[in-house]
Amino acid sequence: MTVTDRITALRKLMKEKGIDAYLVPTDDFHGSEYVGDYFKCRKYITGFTGSAGTAVIMQDMAGLWTDGRYFIQAADQLKGTPVTLFKMGEPDVPTIHKFLEENLKDGMCLGFDGRTVSGEEADQLKKLLEKKQIRFSVNEDLIGEIWQDRPSLSCEPAMELDVKWTGRSRADKIQDIRTKLKEKGADLFVLTSLDDIAWLLNIRGNDIHCCPVVLSYLVMDEKEIRLFANEKAFPGSVKDALSADGVTIYPYNDIYAYVQTITEDKKIYLSRSNVNSRLISSIPENVTILDGENLTLLPKSIKNETEVRNEKIAHIKDGVAMVKFIYWLKKNVGKQEITELSAADKLYEFRSQQENFQGNSFDPIIAYGTHGAIVHYSATEETNIAPEPKGLVLMDTGGHYLEGTTDITRTVVLGPVTEKEKKYFTAVLRGHLNLAAAKFRYGCTGLNLDALARGPLWAMGEDYNHGTGHGVGYLLNVHEGPQSFRWKNLADHPAPVLEEGMITSDEPGYYAENEFGIRHENLIVCKKAEKTAYGQFMKFEPLTMVPFDLDGIDPAQMEAGERALLNQYHALVYEKISPYLDEEEKSWLKEVTRAI
């Protein structure tokens, strides 16, 4: 069926069920950023393949809302379909909530699968639409009813992550969270975020592409942990180890029936912004629910000494693979057949040569020329082009290792570049270096520091439509909260303090539509600097060990201090990476990390 056919079938079903508008988010039942094939309902109904977006289907309209990373991609993929693109955050573009408020008439019915909409979102919609007496239909998966060849739920094998990688035992983590639960005055903790469950139980899986998590829900009290998951995913040894720490496995979907049995004398702690609305509505009304951020969120984001030490090893391995790849690409472009897709395969080959490599941490972005201007471009057989020995290629990739997760972007010069390309290449690099070199008082958040990265572009009246940095998990999700670098605060979600051990990306960019794109990204770890009469100062240490392409830089645009920062970083890259290269590669690395 085409997108038009699918929307027609959905509208027919909506009419039969008395639903006037149907909301289709990207989410799975756990609020995951990336979702397994079973959950890709929004992609199915609109044809848009990006990782973020929400569709609204009514009888007289179909709309897709997505953010600045995907404007170009979405416009292209929605061509020829009945779906209208709503560019989130742009002037005069209503939010989804505003659109529903303005377009739903009194007494109409709004539908969605309550398992894919958070409790917080459902509460907001009900409050917003109550004056119009809007009815809600939230217990049916209408997309599932028309999706005939829908993939089955994933059930990949789960594994236990040894304490030599995690730095802390499962029992220790469980004890800490139980202590926090007691402090909150609650009896039960309901946890549904997949990376939080994986972190807490020291398990990893493969139920979401590039995200080593296990489809599961978790309920903890002072004595037992109930893990609702597909038991077939757990080898006997992992089940035994979990059982020894008081973790019992129950069928995945039984969570909804279980929470209905919770008695009114119990207090449940959960995050309404993470737990889905159907699960929350299954809890008896007379049970007290305490709402707050997941108790695991902050401990997971603060990497312990073992994790930081391991991550440094992971980044040296990843640096070796990247350096070998960039050397190979520069040497062979224009001489042998290379495409965006085959280049990604070659990089995977170099990463695979590293011990303990577990796979990509996200689908690689190899974007040549004009494709670089599409912020989260992903090459397909239809769009795949061959890089030429001229211009820029933007490469945003990453890997999972037992020692941790990497995420790196390098914009590489393949041949002659324009003065304009050099101008923005240098400006973006200056911003990157200035943020990485920040020293700040403890208590600062990413909001305080974001302008350091944007400064050189802002001075030119330019900017980029994405955050400057995100937290990164340890052999977990490549995007992890709560910390980030951004200049806008998110409503109701205050920016957290930057803590020692937090690993965050530093990735300013610049995108000239239909021309080129530039992004420079390292992962940096937050550390303590000196303590003075003014308090504790903090700084960052780079984890990523890959040179920036000197062929794209105009040193005259850089201040002396910025050149010194680049030279210092490049000296460190050479020291860490050169021992793992052959003589030819080593000689090349020495040249491309020379002082400027």
Side-chain angles (χ1 to χ4, degrees), residues 67-69 71-72 87 89-91 367 370 372-376 391-392 394 396 408-413 417-441 444-470 483-490 495 498 504-524 538-540 542 544 547-570 595-596:
D67 63 52
R69 295 172 296 168
F71 290 168
I72 299 172
K87 296 180 177 182
E90 294 291 286
T370 58
I374 305 170
V375 179
H376 272 215
L392 303 173
L394 186 157
D396 187 350
I408 169 176
T409 307
R410 286 296 180 267
T411 305
V412 172
V413 176
V417 289
T418 65
E419 287 305 308
K420 181 179 179 181
E421 286 169 325
K422 273 197 169 188
K423 172 183 168 185
Y424 288 108
F425 189 105
T426 308
V428 174
L429 182 59
R430 289 175 58 213
H432 170 95
L433 293 168
N434 290 334
L435 174 57
K439 186 183 276 190
F440 51 97
R441 277 180 63 175
C444 281
T445 74
L447 286 170
N448 300 116
L449 304 181
D450 183 83
L452 293 172
R454 294 182 194 266
L457 286 172
W458 280 358
M460 299 156 71
E462 302 280 11
D463 203 359
Y464 47 93
N465 279 332
H466 58 75
T468 299
H470 56 84
Q483 83 278 17
S484 64
F485 296 120
R486 61 174 189 269
W487 65 274
K488 283 182 182 174
N489 209 352
L490 299 178
L498 292 164
T504 315
S505 68
D506 170 4
E507 50 178 314
Y510 179 78
Y511 311 93
E513 192 171 340
N514 297 319
E515 291 186 63
F516 60 86
I518 293 159
R519 190 159 61 251
H520 301 308
E521 176 189 20
N522 280 356
L523 298 192
I524 52 179
M538 310 296 286
K539 61 182 179 179
F540 298 117
T544 308
F548 295 100
D549 198 330
L550 296 180
D551 294 338
I553 296 170
D554 176 8
Q557 287 183 42
M558 302 176 76
E559 295 173 6
E562 292 166 344
R563 290 195 294 272
L565 288 172
L566 180 62
N567 292 340
Q568 185 183 345
Y569 174 71
H570 275 167
I596 61 165

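Since this is a predicted model, take the numbers as computed values, not measurements. Just so you know, these numbers use all the heavy atoms, side chains as well, and skip hydrogens, waters and symmetry mates.
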>> Checking Met558 against Leu565 for the side-chain contact (heavy atoms from CB on, under 4.5 Å) test, could you report, in this order, the C-alpha distance in whole Å, the side-chain angles of both residues, the deciding distance, and whether it holds?
In response: CA-CA 10 Å; Met558 302 176 76; Leu565 288 172; over 6 Å; no
> Considering all heavy atoms of both residues, which atom of Ala495 and which atom of Leu447 are nearest to each other, and what is their separation?
Replying inline: CB-CD1, 3.7 Å
> Out of curiosity, Glu419 CD to Phe425 CZ, how far, rounded to the nearest 0.5 Å?
Replying inline: 13.5 Å
>> Can you give me the closest heavy-atom contact between Ala451 and Trp458, atom names plus distance?
In response: CB-CZ3, 3.9 Å
>> Does the plane of the ring in Tyr424 sit parallel, tilted or perpendicular to the ring in Tyr510? Use 30° and 60° as the thresholds.
In response: parallel
>> Less than 4.5 Å apart, side chain to side chain, heavy atoms only: is that true for His570 and Leu550?
In response: yes
>> Quick check against the 3.5 Å criterion: does Asn567 have a side-chain atom that pairs as donor or acceptor with the backbone of Ile596?
In response: yes
> Hey, is the main chain of Glu562 close enough, under 3.5 Å, to the side chain of Arg430 for a donor-acceptor pair?
Replying inline: no
> Is there a side-chain contact between Ile518 and Leu394 (heavy atoms, below 4.5 Å)?
Replying inline: no
>> Taking the side chain as everything from C-beta on, heavy atoms only, tell me whether Gln483 gets closer than 4.5 Å to Thr445.
In response: no
>> What I'd like to find out is whether the side chain of Phe516 reaches to under 4.5 Å of the side chain of Thr411, using heavy atoms alone.
In response: no
>> Check whether Asp554 reaches the backbone of Lys422 with its side chain - one donor and one acceptor, N or O, closer than 3.5 Å.
In response: no
> If every non-hydrogen atom of Asp549 is compared with every non-hydrogen atom of Ile553, which pair is closest and at what distance?
Replying inline: O-CG1, 3.7 Å
> Does the Asn522 side chain pair with the main chain of Ile524, one donor and one acceptor, at a distance under 3.5 Å?
Replying inline: no
> Side-chain contact, heavy-atom cut-off 4.5 Å: Leu392 with Val417?
Replying inline: yes
>> Show the nearest heavy-atom pair for residues Gly431 and Pro456, with the distance to one decimal.
In response: N-CG, 3.7 Å
> Between the side chain of Arg486 and the main-chain N/O of Gly446, is any donor-acceptor distance below 3.5 Å?
Replying inline: no
> Just how far is it from atom CG of Asn465 to atom CD of Glu90, taken to the nearest 0.5 Å?
Replying inline: 6.5 Å
> About how many Å separate CG of Leu566 and CG of Leu433, when rounded to the nearest 0.5 Å?
Replying inline: 5.5 Å
> For Phe71 and Glu513, what are the C-alpha separation, side-chain angles and deciding distance, and is it a side-chain contact (heavy atoms from CB on, under 4.5 Å)?
Replying inline: CA-CA 11 Å; Phe71 290 168; Glu513 192 171 340; over 6 Å; no
>> With rounding to the nearest 0.5 angstrom, report the OG1 to CG distance, Thr409 to Asp396.
In response: 3.0 Å
> What are the two closest heavy atoms between Leu452 and Ala438, and how far apart are they?
Replying inline: CD1-CB, 3.7 Å
> Considering all heavy atoms of both residues, which atom of Met460 and which atom of Ala427 are nearest to each other, and what is their separation?
Replying inline: SD-CB, 3.8 Å
> Taking the six-membered ring where the residue is Trp, are the ring centres of His432 and Tyr569 under 6.0 Å apart?
Replying inline: no
>> Regarding Asp450 and Thr468, do their side chains bring together a donor and an acceptor under 3.5 Å, going by distance alone?
In response: yes
> If we only count heavy atoms from C-beta on, is the Phe540 to Leu498 side-chain gap below 4.5 Å?
Replying inline: yes
> What do you reckon, are the aromatic ring centroids of Phe440 and Phe485 less than 6.0 Å apart?
Replying inline: no
>> Could you walk me through whether Arg519 and Tyr464 satisfy the side-chain contact (heavy atoms from CB on, under 4.5 Å) test, starting with their C-alpha distance in whole Å, then the side-chain angles of each, then the deciding distance to 0.1 Å, before giving a yes or no?
In response: CA-CA 10 Å; Arg519 190 159 61 251; Tyr464 47 93; over 6 Å; no
>> Taking the side chain as everything from C-beta on, heavy atoms only, tell me whether Thr504 gets closer than 4.5 Å to Leu523.
In response: no
> Any side-chain heavy atom of Glu507 sitting closer than 4.5 Å to one from His470?
Replying inline: yes
> With distance as the sole criterion, is a donor-acceptor pair present between the side chains of Arg454 and Asn434 under 3.5 Å?
Replying inline: no
